[in-house]
Amino acid sequence: MKQTAVSKIAEMNGKEATVNGWLYNKRSSGKLWFLIIRDGTGILQAVVSKNDVAAGVFLDCDRVTQESSVQVTGLVHEDRRSPGGYELQVRDMRLLQIAQEYPITPKEHGSAFLMDHRHLWLRSSKQTAILRIRHEIIRACRDFFDSNGFTLVDAPIFTPNACEGTSTLFETDYFGEKAYLTQSGQLYMEAAAMAVGKAYCFGPTFRAEKSKTRRHLTEFWMIEPEVAYLDLDGDMDLAEAFVAYIVRRVLKSREQELKVLERDTAPLEKISAPFPRLSYDEAAEMLKGQSTGFTYGSDFGAPDETLISGKFEKPVLVHRYPAAVKAFYMKKDPKDPSKALCVDMLAPEGVGEIIGGGQREDDYDTLVAAIQKHGLPMEPFEWYLDLRRYGSVPHSGFGLGIERTVGWICGIPHVRETIPFPRLMHRLTP
RNA sequence: UCCGGAGUAGCUCAAUGGUAGAGCGGGUGGCUGUUAACCACUAGGCUGGGGGUUCGAGUCCCUCCUCCGGAGCCA
């Protein structure tokens with residue numbers, strides 16, 4: 001089927017072109033129809049004059065409804081009055097299917113209604129732009145690791161145990177045994193890093209927590225690098241180079257989509273390494289006298305993160321949290337064993353945490369003690385302990401949440417719009 | 001799970017305890033340059049469910065359901 005993408009319509013100026021798409025909107029003026037057609041790459045105004053087309057075609061203009069699939073053929077020409085600067089003077093039109101009354105109108109809708117029609121909502125220009133930026137971010141993630149000596153190692157989705165013992169996991173019946181949907185591929189990436197040196201995984205992760213906020217999904221995508229012979233400082237170097245690369249890539253390749261989203265790119269232009277780094281103690285100092293309800297020794301809450309990240313134009317790396325509030329596999333700071341060698345990256349503009357990671361405990365005895373201290377069963381971790389029995393080395397890694405990153409870069413406050421089909425506490429469909 | 005908010009036409013929302021309405025969308029008609037076009041006409045309702053107060057309830061009370069925002073937890 002010979003066709004021209006709307007995004008390439010300028011190249012056909014003065015020539016005849018066929019555009020395959022869907023009717024976005026239409027206006028009439030008696031003997032004249034303006035059909036606004038979208039094809040996923042852009043929006044084109046097609047003009048139908050009664051004198052230029054067969055009678056049936058002109059009648060079809062009256063019958064065609066919003067989101068009907070249409071194929072229009074005609075002469076492309078420049079016209080300042082047309083959105084996009086070009087329009088198609090229609091010679092012929094084929095109606096592939098007349099859409100039933102389309103639920104999503106050009107007027108406003110509530111988020112619940114739009115989410116119920118997510119499969120159709122994806123057709124709107126903003127949602128399409130978000131999909132494309134998400135794609136670009138994922139490509140950038142892969143390119144960054146692929147060109148820096150990393151090997152993609154896929155982690156399993158079914159896991160036999162609640163690996164960190166903290167989060168609520170989704171339980172499934174696995175041939176009569178209990179199995180859980182993964183909350184992180186990290187432990188497996190540690191095994192992979194001991195094999196290939198630098199490994200990463202990218203896949204869905206699941207949390208059964210009954211969270212109802214703009215930052216939470218029950219199913220989300222995470223990219224997790226893990227590197228042998230890397231300490232916390234090196235881990236932070238890696239994280240900031242990685243995030244800076246992603247932002248640069250999107251700014252360079254998805255200018256058009258950012259424009260559709262009306263994203264102010266000025267704050268993104270400022271994102272380059274190095275990022276500010278501060279310790280938990282320094283961050284806690286900033287919260288003194290604030291009314292966020294923060295108490296020293298506990299993890300930061302959402303208002304705390306907003307306050308801390310709000311003081312910087314770049315993402316900020318907060319390191320060395322109290323070991324008591326972090327997972328068992330975090331290595332303790334030799335200079336202060338009450339702290340863990342971990343790091344969170346808080347994105348600016350009130351976005352908050354997009355990365356969590358750190359250096360892992362590599363000493364066998366210390367790790368065994370940590371598992372016991374956290375009240376976790378030893379048996380499921382025997383394979384993990386093997387990594388400390390056979391050639392243990394310092395190693396570090398982190399996990400980046402794709403949806404929060406997409407939300408930050410797109411300027412979309414709620415993560416439910418950053419994934420094609422979000423899974424939330426109250427949403428399993430479509 | 002806790003705290004707050006909302007359920008009225010297909011959608012977005014109005015309506016002092018006293019006749020349920022508008023805009024958009026749909027339908028019909030009009031217009032040769034429209035820009036979320038415009039103009040005229042028109043159809044469309046178990047006011048989330050159940051119970052109560054009242055002469056009278058969309059409105060007040062109780063209860064349940066659904067959804068939204070936030071907290072905790074996290075990416």
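Below, all heavy atoms of this structure are taken into account, side chains as well, without hydrogens, waters or symmetry copies. Chain identifiers are assigned alphabetically (A, B, ...) following the order of the sequence lines, protein sequences preceding nucleic acid strands; residue numbering begins at 1 within each chain.
Spacing between B:C64 and B:C46 at atom P, rounded to whole Å, works out to 26 Å. Of the C1' atoms belonging to B:U63 and B:G23, the separation is 35 Å, rounded to the nearest Å. For B:U59 and B:G52, the C1' atoms lie 15 Å apart once the distance is rounded to whole Å. B:G10 and B:G18 have their C1' atoms separated by 30 Å, with the value rounded to a whole Å. Straight-line distance between the P atoms of B:G50 and B:C65: roughly 15 Å, to the nearest whole Å. The C1' atoms of B:G17 and B:C61 are separated by 14 Å, rounded to the nearest whole Å. Comparing B:G48 with B:A6, their C1' atoms sit 11 Å apart, to the nearest whole Å. Of the C1' atoms belonging to B:U42 and B:U32, the separation is 27 Å, rounded to the nearest Å.
We find that CD1 of A:Ile409 is positioned 19 Å from P of B:A75, with the value rounded to whole Å. Summarising the geometry, the separation between CZ on A:Arg81 and P on B:U34 is reported as 8 Å, rounded to the nearest angstrom. We find that CZ of A:Phe220 is positioned 11 Å from C1' of B:C73, with the value rounded to whole Å. Atom CD of A:Gln45 and atom P of B:G33 are 13 Å apart (whole Å). With rounding to whole Å, A:Trp121 atom CH2 is found 15 Å from B:C11 atom C1'. We find that NE2 of A:His77 is positioned 11 Å from C1' of B:G33, with the value rounded to whole Å. Atom-to-atom, CZ of A:Arg404 to P of B:A75 comes out at 8 Å; the value is rounded to the nearest Å. As a whole-Å value, the separation of A:Asp304 CG from B:G72 P is 8 Å.
Side chain of A:Ser279 to backbone of A:Arg320: no donor-acceptor contact under 3.5 angstrom is found.
Within 4.0 Å (heavy atoms only), A:Pro103 reaches no atom of the nucleic acid at all. Residue A:Ile355 is in sugar-phosphate contact alone, with no base atom involved, counting any heavy-atom pair closer than 4.0 Å across all strands shown. At a threshold of 4.0 angstrom between heavy atoms, the contacts of A:Glu87 include nucleobase atoms, whether or not backbone atoms are also involved. Note on A:Gly352: nothing from the nucleic acid sits closer than 4.0 angstrom, heavy atoms only. Using a 4.0 Å heavy-atom distance criterion, A:Phe34 is classed as a base contact.
Between A:Lys326 and A:Asp344 there is a salt bridge, since at least one side-chain N of the basic residue sits less than 4.0 Å from a carboxylate O of the acidic one. Checked for salt-bridge contact, A:Lys288 and A:Glu285 meet the test: a charged N lies under 4.0 Å from a carboxylate O. For A:Glu136 and A:Arg248, the salt-bridge test fails: no basic side-chain N is under 4.0 Å from an acidic carboxylate O. Salt bridge annotation for A:Asp60-A:Arg94: absent, with no cationic side-chain nitrogen under 4.0 angstrom from a carboxylate oxygen.
Judged purely by distance below 3.5 Å, without hydrogens or angles, the side chains of A:Gln66 and A:Asn25 never pair a donor atom with an acceptor atom. Side chains of A:Asn20 and A:Gln71: a donor on one and an acceptor on the other come within 3.5 Å.
Aromatic ring pairs are classed by plane angle as parallel below 30°, tilted from 30° to 60° and perpendicular above 60°; the pair A:His117 and A:Phe113 is tilted. The aromatic rings of A:Phe300 and A:Tyr321 sit perpendicular, their planes meeting at an angle over 60°, well past the 30° parallel limit.
Residues that satisfy the side chain to side chain contact (heavy atoms under 4.5 Å, CB included) test with A:Leu278, not counting sequence neighbours, are A:Glu282, A:Ala283, A:Met286, A:Phe312, A:Val316, A:Val318. For A:Glu16, the salt bridge (charged side-chain N to carboxylate O under 4.0 Å, His left out) partners at least two apart in sequence or on another chain are A:Arg91. Annotation: ring pair (Phe, Tyr, Trp, His ring centres under 6.0 Å) contacts of A:Trp22 (sequence neighbours excluded): none. Applying the side-chain hydrogen bond (donor to acceptor under 3.5 Å, both in side chains) rule to A:Thr65 yields the partners A:Ser68; only residues at least two apart in sequence or on another chain are considered.
Base-pairing analysis of RNA chain B finds the following stems of at least three consecutive Watson-Crick or G-U pairs, with both pairing distances under 3.5 Å: B:1-7 with B:65-71, B:10-13 with B:21-24, B:26-30 with B:38-42, B:48-52 with B:60-64.
Applying the salt bridge (charged side-chain N to carboxylate O under 4.0 Å, His left out) test to every pair with at least one member in residues 214-227 of chain A, sequence neighbours left out, gives these pairs: A:Glu226-A:Arg360. Sorted by first and then second residue, the pairs that involve residues 403-421 of chain A and meet salt bridge (charged side-chain N to carboxylate O under 4.0 Å, His left out), not counting sequence neighbours, are A:Arg134-A:Glu403.
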Produce the list of close N/O pairs, under 3.5 Å, pairing protein atoms with atoms of nucleotides 67-70 of chain B; give distances to one decimal.
{"from": "B:C67", "atom 1": "OP2", "to": "A:His426", "atom 2": "ND1", "distance (Å)": "3.1"}
{"from": "B:C68", "atom 1": "N4", "to": "A:Lys212", "atom 2": "NZ", "distance (Å)": "3.3"}
{"from": "B:G69", "atom 1": "OP1", "to": "A:His414", "atom 2": "NE2", "distance (Å)": "3.4"}
{"from": "B:G69", "atom 1": "OP1", "to": "A:Arg416", "atom 2": "NH1", "distance (Å)": "2.7"}
{"from": "B:G69", "atom 1": "OP1", "to": "A:Arg416", "atom 2": "NH2", "distance (Å)": "2.9"}
{"from": "B:G70", "atom 1": "OP1", "to": "A:Arg214", "atom 2": "NE", "distance (Å)": "2.9"}
{"from": "B:G70", "atom 1": "OP1", "to": "A:Arg214", "atom 2": "NH1", "distance (Å)": "3.2"}
{"from": "B:G70", "atom 1": "OP1", "to": "A:Arg214", "atom 2": "NH2", "distance (Å)": "2.7"}
{"from": "B:G70", "atom 1": "OP2", "to": "A:Arg214", "atom 2": "N", "distance (Å)": "3.0"}
{"from": "B:G70", "atom 1": "N7", "to": "A:Lys212", "atom 2": "O", "distance (Å)": "3.1"}

Below 3.5 Å is the cut-off: list the nitrogen or oxygen pairs between protein and nucleotides 38-44 of chain B, distance only.
none

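Contacts of residues 46-58 of chain A with RNA chain B (heavy atom under 4.0 Å): A:Asn51.
With B:C11, B:C74, B:G72 as the choices, the nucleotide that has an atom nearest any side-chain atom of A:His109 turns out to be B:C11. The listed nucleotides are B:G33, B:C73, B:C74; the one nearest the side chain of A:Asp79 is B:G33.
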For residues 137-145 of chain A, please give each side-chain donor-acceptor pair under 3.5 Å, one per line with the distance, not counting sequence neighbours.
{"from": "A:Asp143", "atom 1": "OD2", "to": "A:Arg249", "atom 2": "NH1", "distance (Å)": "2.8"}
{"from": "A:Asp143", "atom 1": "OD2", "to": "A:Arg249", "atom 2": "NH2", "distance (Å)": "3.3"}

Could you run through nucleotides 20-29 of chain B and give me one letter per nucleotide, 5' to 3': B if any protein heavy atom sits under 4.0 Å from the base, S if only the sugar-phosphate is that close, - if neither? ----SSS---

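Expressed to the nearest 0.5 Å, how far CZ of A:Phe206 lies from CZ of A:Phe220 amounts to 9.5 Å. From A:Leu261, atom CG reaches atom OG1 of A:Thr265 across 11.5 Å, with rounding to the nearest 0.5 Å.
If A:Met222 and A:Gly301 are placed on RNA chain B by their nearest nucleotide, the residue sitting closer to the 5' end is A:Gly301.
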